[in-house]
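Taking it in order: structure first as structure tokens, then the write-up.
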Amino acid sequence: MADIIVLEKMNKFYGTYHALKDVNLTIAKGEKVVVCGPSGSGKSTMIRCINRLEEHDGGRIVVGGQELTDDEKKIDLVRREVGMVFQSFNLFPHMTVLENLTLAPRLVRKMATAEAEAIAMKYLSRVRIPDQAHKYPSQLSGGQQQRVAIARALCMNPEVMLFDEPTSALDPEMISEVLDVMTDLAREGMTMVCVTHEMGFARSVADRIVFMDQGEIVEVSTPAEFFAAPKSERARTFLGQILAH
Amino acid sequence: MSFDLSLIATSLPKILQGLGLTLNLLAVSTLFGLILAVGILLMRLSHRSWLVWPAKAYIYFFRGTPLLVQLFVIYHGLPQFGFIRQSVLWPILREPYWCSVIALSLNTAAYVSEILRGGVLGVDKGFVEAGKALGLSKFQRTTRITAPLAVRLALPAYSNEIVSMLKSTALASTVTLMEMTGVARTIVADTFAPYEIFIAATIIYLVLVWIIQTGFTLIETYANRHVRKT
């Protein structure tokens, strides 16, 4: 399988704070990778480097064959092939759901409005909220907003989807509606990198689990290995903490 | 001391003869000021120090000195220099109208650029990141996301600035312009009844401010129609 994301000896500093230490990770097309670990372990920083919302300070990042450098043109090329879903949804509040979905296809893909709207409605149906197309984000529940955010990213027909704690800001009763959509997406073969604490989702969907702590990738395992017999002490401690209840 | 109500009534229509010039000064200066403010804002927000520093100096100077002094420097001060009187700008700089417009525009631009900067800084970084993640160019992010949201955040402070500008147009009367305050001062010189005449002027200013406030309330309501009403 072709590698779609390659991180090689990637380092990241915030001032003198060493946020990511020699991170090596290769993700193949079609793979679903769940990244977990304690807060402050660098999970979000790592996936935010993949579409250069954060700049790395050392090593290489290659996404879809393009190496990420200061070259703005290449960054834009990478970003349009990499969809991202944020913890806080980040829907554009001054645009309707439909406008949120059609903005990038129209401006970036130069698509005609009618075509962009048809595609938007297709994805709104996929995330099961076609009837909300003409509402503003503030009129939707958190779960609905996050599903719109997923649909917005899908409208660009990306090669990879990044999820940065997509359910952490949601009320408990809305988490499953978002995870269901993500599970559907995984079944359809989308390449996915998810930072999440939803271990049930990780167990059922992930091909590999990446466990991070203190800016390092501590272990990479299959869900079966990871949950049954984590290799590292740190992973055992982490699992003990989040699965205790 | 006598107080003559009828004098208020008779002076109102006379003062209203200055209304056109007052509104003209307000509209023209507000427009020029806004254009200038956007330019200063872009300089101020750029990451190049040779653009940032002139913008900061400009804002510091025009916010740091009285508008009346700025007007006097432009109207009384500049003509002292021979090269100004010989320059192509002289047909403009010898006109009290244009001196007033220049002073008002330069002054309000400093305030408005800071008002807009406040709006830009208030835009949630997450929306810009979402734009980046979708592959929008910097220009597209600025025009489609940052600017519309920043303008909405800046509207209340901007309406304050327009009200302030309306009152500042009265200073044009000190350089011979017959806007409302100028007319009022002339009537006072004729009638020796400052109380009644300036009360009449006050009434007109208050009505204008009410119109401006109401207008901005309508604009804000429309601009924030996406915000859930609870």
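Values below: all heavy atoms of this structure, side chains included; hydrogens, waters and symmetry mates excluded. Numbers restart at 1 for each chain; the letters A, B, ... are given by sequence-line order, proteins then strands. Computed from a predicted model, the values in this text were never measured in an experiment.
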Query raised in the report: Would you call the rings of A:H94 and B:H226 parallel, tilted or perpendicular if under 30° counts as parallel and over 60° as perpendicular?
Result: perpendicular
Query raised in the report: If you count heavy-atom pairs under 4.5 Å between each of A:V78, A:V108, A:L107 and chain B, which one has the most?
Result: A:L107
Requested in this report: Taking heavy atoms only and a threshold strictly under 4.5 Å, list by residue number the residues of residues 13-32 of chain B that touch chain A; give 'none' if the list is empty.
Outcome: none
Report task. Look at atom CD of A:E67 and say whether more than 12 heavy atoms of other residues, nucleotides or ligands are closer to it than 6.0 Å. Result -> yes
Query raised in the report: Counting distance only, does the side-chain N/O of A:S88 pair as donor-acceptor with the main-chain N or O of B:G126 below 3.5 Å?
Result: no
Query raised in the report: Among all residues two or more places apart in sequence or in another chain, which pass the side-chain contact (heavy atoms from CB on, under 4.5 Å) test with A:I75?
Result: A:R52, A:L68, A:R79
Requested in this report: Name, in order of residue number, those residues of residues 127-162 of chain B that have a heavy atom at a distance of less than 4.5 Å from a heavy atom in chain A; otherwise write 'none'.
Outcome: B:F127, B:E129, B:A130, B:G131, B:K132, B:A133, B:L134, B:G135, B:L136, B:S137, B:Q140, B:R141, B:R144, B:I145, B:P148, B:L149, B:R152
Query raised in the report: Among A:R109, A:M156, A:R152, A:K135, which residue forms the greatest number of heavy-atom pairs with chain B at distances under 4.5 Å?
Result: A:R152
Query raised in the report: With respect to chain B, which residue among A:L91, A:V82, A:V85, A:N51 yields the maximal number of heavy-atom pairs within a distance under 4.5 Å?
Result: A:L91
Query raised in the report: What pairs with B:T176 under side-chain hydrogen bond (donor to acceptor under 3.5 Å, both in side chains), at least two apart in sequence or on another chain?
Result: none
Query raised in the report: Got more than 12 heavy atoms from elsewhere within 6.0 Å of OH, B:Y60?
Result: no
